[in-house]
Amino acid sequence: MKHPFILNAVWNGGRNSDGTIEAGQLKTQISIPKEMGGPGVGTNPDEMLLGAAATCYLITLAAMLERSGLTTSSLTLTSEATVDVTNNIFTYEAIKHSPIITLTEDASQEDIYKAIRIAHKAEGSCMISRAVAGNVQITTEPTVLTSSM
């Protein structure tokens, strides 16, 4: 079964202009970020790729933790992307995911180890990570706590 996703975009001029995108529930302005010499209006491709990778990873991680029988009291994520600009060539180099998995207070030491293994395994199961594999280095640095900590 295939699931189509459609995005409609409008661009209002040259390089340093802005535009809009709409795809399902996503509706936002777009432009080149200020850090790269653009106007910094709305979001940009760099943030959107990071957002796609982060949300895919987070949802995959939550599903895998649930299927493994681990109960979380909290699941948060900070993700960071690195974009290199050399000789005016922009390269999306890396994404680092740093999830904080808080298990319920009755979690055992084995549950903690299991959550760490799952956090690393979830990256390879995420469809966005698989889509950029070989082009963007993706790493995961999980922290696992119990709610009593």
Side-chain angles (χ1 to χ4, degrees), residues 1-11 18-36 38-86 89-149:
M1 176 181 251
K2 298 191 187 273
H3 301 279
F5 293 89
I6 308 293
L7 181 139
N8 293 303
V10 174
W11 191 253
D18 60 31
T20 58
I21 58 170
E22 291 190 22
Q25 298 299 309
L26 174 64
K27 295 178 178 144
T28 190
Q29 287 184 285
I30 57 170
S31 74
I32 295 173
K34 284 186 180 190
E35 299 84 358
M36 294 181 177
V41 175
T43 191
N44 57 69
D46 310 281
E47 291 172 344
M48 289 191 302
L49 181 56
L50 179 60
T55 55
C56 182
Y57 173 74
L58 187 61
I59 292 166
T60 301
L61 175 58
M64 291 177 74
L65 289 166
E66 181 180 279
R67 281 194 301 271
S68 75
L70 293 176
T71 305
T72 60
S73 60
S74 173
L75 179 58
T76 62
L77 176 66
T78 299
S79 295
E80 179 181 340
T82 304
V83 175
D84 177 65
V85 182
T86 301
I89 297 172
F90 294 76
T91 304
Y92 211 103
E93 287 187 331
I95 295 172
K96 179 178 76 171
H97 296 306
S98 300
I100 300 176
I101 304 164
T102 306
L103 302 174
T104 55
E105 66 182 51
D106 60 340
S108 67
Q109 191 62 45
E110 181 54 37
D111 290 337
I112 293 171
Y113 294 140
K114 187 177 185 181
I116 291 169
R117 286 191 307 271
I118 290 169
H120 288 288
K121 187 176 181 182
E123 191 53 59
S125 299
C126 166
M127 102 175 143
I128 301 299
S129 298
R130 291 192 320 268
V132 300
N135 293 308
V136 178
Q137 176 190 7
I138 300 179
T139 57
T140 304
E141 295 181 7
T143 300
V144 179
L145 310 167
T146 59
S147 18
S148 61
M149 296 178 125

Could you walk me through whether Ile138 and His97 pass the side-chain contact (heavy atoms from CB on, under 4.5 Å) check?
CA-CA 8 Å; Ile138 300 179; His97 296 306; 3.9 Å; yes
Please test Ile112 against Thr146 for side-chain contact (heavy atoms from CB on, under 4.5 Å), starting from the C-alpha separation and ending with a verdict.
CA-CA 8 Å; Ile112 293 171; Thr146 59; 3.9 Å; yes
Let me see the working for Val144 and Leu103 under side-chain contact (heavy atoms from CB on, under 4.5 Å), right down to the final yes or no.
CA-CA 7 Å; Val144 179; Leu103 302 174; 3.9 Å; yes
Candidate pair Ile21 and Thr28, rule side-chain contact (heavy atoms from CB on, under 4.5 Å), full reasoning:
CA-CA 6 Å; Ile21 58 170; Thr28 190; 3.7 Å; yes
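Side chains of Val83 and Met36 form a contact here, defined as non-hydrogen atoms less than 4.5 Å apart. Taking 4.5 Å as the limit, every side-chain heavy atom of Pro39 sits out of range of all side-chain heavy atoms of Lys34. The closest side-chain heavy-atom distance from Gln137 to Thr139 is below 4.5 Å. By the 4.5 Å heavy-atom criterion applied to side chains, Trp11 and Thr20 are not counted as neighbours. Residues Pro45 and Glu47 have side chains not in contact (no heavy-atom distance under 4.5 Å, counting atoms from C-beta outward). With a 4.5 Å cut-off on side-chain heavy atoms, Leu77 and Ser79 count as touching. Side-chain contact between Ile128 and Tyr57: absent, with no pair of heavy atoms (C-beta onward) separated by less than 4.5 Å. Side chains of Leu49 and Val132 form a contact here, defined as non-hydrogen atoms less than 4.5 Å apart.
Residues Thr140 and Ala119 approach most closely at CG2-O, 3.7 Å, considering heavy atoms. Heavy-atom minimum distance, Ile30 versus Met48: CG2-CE, 4.5 Å. In terms of heavy-atom proximity, Ser74 sits nearest to Thr76 at OG-CG2, 3.9 Å. A pairwise comparison of heavy atoms in Ile118 and Met64 identifies CG2-CB, 3.7 Å as the closest pair. Residues Ser31 and Val41 come closest through the heavy atom pair OG-N, 2.6 Å.
The number of heavy atoms from other shown groups lying within 6.0 Å of OH (Tyr113) does not exceed 12. Other residues, nucleotides and ligands place no more than 12 heavy atoms under 6.0 Å from the CD atom of Glu66.
The CG atom of Leu145 sits 9.5 Å away from the OG atom of Ser147 when rounded to the nearest 0.5 Å. In this structure, Leu65 CG and Leu75 CG are separated by 6.5 Å, a value rounded to the nearest 0.5 Å. Thr104 contributes atom OG1, which lies 8.5 Å from atom CG of Leu70 (distance to the nearest 0.5 angstrom). Here CG of Leu7 is found 7.0 Å from CG of Leu26. Values are rounded to the nearest 0.5 Å. Rounding to the nearest 0.5 angstrom, the gap separating the CG atom in Asp46 from the OG1 atom in Thr82 is 11.0 Å. With rounding to the nearest 0.5 angstrom, the OG1 atom of Thr60 is 8.5 Å from the CG atom of Leu58.
Only one option out of Pro99, Ser125, Cys126 pairs with Leu61 in a side-chain contact (heavy atoms from CB on, under 4.5 Å); it is Pro99.
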